[in-house]
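Heads up: numbering here begins at 1 and tracks the sequence. Basis for what follows: all heavy atoms, side chains included, without hydrogens, waters or symmetry-related copies.
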Amino acid sequence: MKKSNDVLRKEVMEAIKWEPVLESNKIEVSVQQGIVTLAGTVDNYNQKKEAEHITKDLSGVKAIIDDIKVDLSFSAIRNDKDIASSVIKALEEKWVIPNHKLKVTVQDGWVTLEGILHWNFQRKTADNAIRYMKGVKGVIDKIVIEAEIKNQMEKEIVEKALKRSWIMDIDNIKVRVDGKTIFLSGIVSSLFHKEEAERIAWNTAGVWQVENEIFVEFD
């Protein structure tokens with residue numbers, strides 16, 4: 001049975017309240033036809049990401065609009081130069097990231113990452129390295145994925161990878177490959193499954209882009 005807006009809103013608010021790192025009175029939740037909008041203010045970038053993460057795991061959520069603002073306390077404010085130095089150091093400590101290929105700029109606490117990486121997991125690692133950093137209000141991701149492998153990708157390889165995941169129902173997902181881009185379509189029962197399918201597709205050798213056109217429909 002499909003959840004009403006009020007029921008889903010209540011579940012999202014309860015999940016936020018249950019999370020120790022979040023203060024539920026600072027986050028506003030509204031729901032319209034399965035689309036959850038998160039608003040309000042939090043103390044740091046990690047809390048913003050955590051609110052989005054726990055909302056994605058709830059059944060009935062089709063999409064998330066994250067309008068949460070980061071309002072740093074006075075003691076957490078750092079100048080942009082210090083933040084940039086910390087970011088560069090954090091990226092250098094992540095051996096999976098060829099940091100010489102990334103350019104870091106910081107403006108008013110917002111970190112922009114630019115450059116070319118070979119794998120999407122490297123991009124995720126870069127974001128996670130910054131997530132808990134003092135003074136960061138958010139991350140603007142301008143990283144481009146260009147795989148080193150030049151071989152043509154095959155649709156069957158992606159489909160087999162999806163089948164290996166016990167949580168995915170491959171019968172409801174369609175895969176199309178065009179050059180270096182993987183297109184995903186079909187219907188799944190949760191936003192988590194949609195993002196899991198995209199994560200698996202990004203792990204395909206040679207992929208440069210994933211277009212996730214999967215629709216979330218909660219029964």
Test side chain to side chain contact (heavy atoms under 4.5 Å, CB included) applied to I16 and L38, step by step: CA-CA 11 Å; I16 290 173; L38 302 175; 4.3 Å; yes
Pairwise side-chain contact, P98 with L117, heavy-atom cut-off 4.5 Å (strictly under): yes
Donor-acceptor list for residues 68-75 side chains, cut-off 3.5 Å, not counting sequence neighbours:
residue, atom, partner, partner atom, Å
K69, NZ, D67, O, 3.2
S73, OG, S75, OG, 3.3

Distance in Å, E198 CD paired with N203 CG, rounded so as to fall on 0.5 Å steps: 11.0 Å
Distance (rounded to the nearest 0.5 Å) between Q122 CD and K94 NZ: 13.0 Å
Hphob cluster co-occupancy, I65 + I27, side-chain heavy atoms under 4.5 angstrom: no
Heavy-atom check, side chain of I83 versus side chain of V136, under 4.5 Å: yes
Contact check, side chains of D141 and D127, non-hydrogen atoms, under 4.5 Å: no
Same apolar cluster (I L V M F W Y, side chains within < 4.5 Å links), V96/L102: yes
Under-4.0 Å salt bridge between R199 and E196: yes
Nearest non-hydrogen partners of A126 and L113, listed with the distance: CB-CD1, 4.1 Å
Residues, nucleotides or ligands: over 12 heavy atoms within 6.0 Å of E156 CD: yes
Candidate pair K49 and E52, rule salt bridge (charged side-chain N to carboxylate O under 4.0 Å, His left out), full reasoning: CA-CA 5 Å; K49 295 287 285 186; E52 181 180 337; 5.2 Å; no
Nearest-0.5 Å distance, CD1 of residue I173 to CG of residue L162: 5.5 Å
Which atom of N46 lies closest to which atom of Y132, heavy atoms considered: OD1-CE2, 3.1 Å
Distance (rounded to the nearest 0.5 Å) between S30 OG and M13 CE: 10.5 Å
Non-hydrogen atoms of K26 and D43 that approach each other most closely: NZ-OD1, 2.9 Å
Check against side chain to side chain contact (heavy atoms under 4.5 Å, CB included), K101 and H118: CA-CA 10 Å; K101 294 195 174 184; H118 299 313; 3.2 Å; yes
Heavy-atom pair of closest approach, residues K137 and Y45: O-CD1, 3.8 Å
ILVMFWY cluster, V188 and F183 together (side-chain gap under 4.5 Å): no
Check: D178 side chain, T181 main-chain N or O, donor-acceptor pair, under 3.5 Å: no
Whether over 12 other heavy atoms sit under 6.0 Å from K174 NZ: no
CD (Q107) with more than 12 external heavy atoms under 6.0 Å: no
Which atom of M133 lies closest to which atom of V87, heavy atoms considered: SD-CG2, 3.6 Å
Co-members of the apolar cluster containing I140 [side chain, <4.5 Å]: W110
Smallest separation among heavy atoms of Q209 and W202, with atom names: CA-CH2, 3.7 Å
Heavy-atom check, side chain of L22 versus side chain of I54, under 4.5 Å: yes
Side chains of V7 and E11 in contact at under 4.5 Å (non-hydrogen atoms): yes
Linked, directly or transitively: F121 and I116 (ILVMFWY side chains, under 4.5 Å): no
Validation row: L191, K194 side chains within 4.5 angstrom (heavy atoms): yes
Same cluster (ILVMFWY, side-chain, under 4.5 Å), I35 and L8: no
Test side chain to side chain contact (heavy atoms under 4.5 Å, CB included) applied to L184 and V175, step by step: CA-CA 5 Å; L184 301 175; V175 178; 4.0 Å; yes
Side-chain donor/acceptor of R123 to backbone N/O of I143, under 3.5 Å: yes
Inter-residue atom distance K155.NZ - K160.NZ, 0.5 Å rounding: 13.0 Å
Side chain to side chain contact (heavy atoms under 4.5 Å, CB included) assessment of F192 paired with K56: CA-CA 6 Å; F192 170 78; K56 287 177 181 177; 5.8 Å; no
Between CD on residue E23 and OG1 on residue T41, distance to nearest 0.5 Å: 9.0 Å
Any side-chain donor near an acceptor of the partner, S86 and K134, under 3.5 Å: no
Partners passing salt bridge (Lys or Arg N to Asp or Glu O under 4.0 Å) against E50 (at least two apart in sequence or in another chain): R131
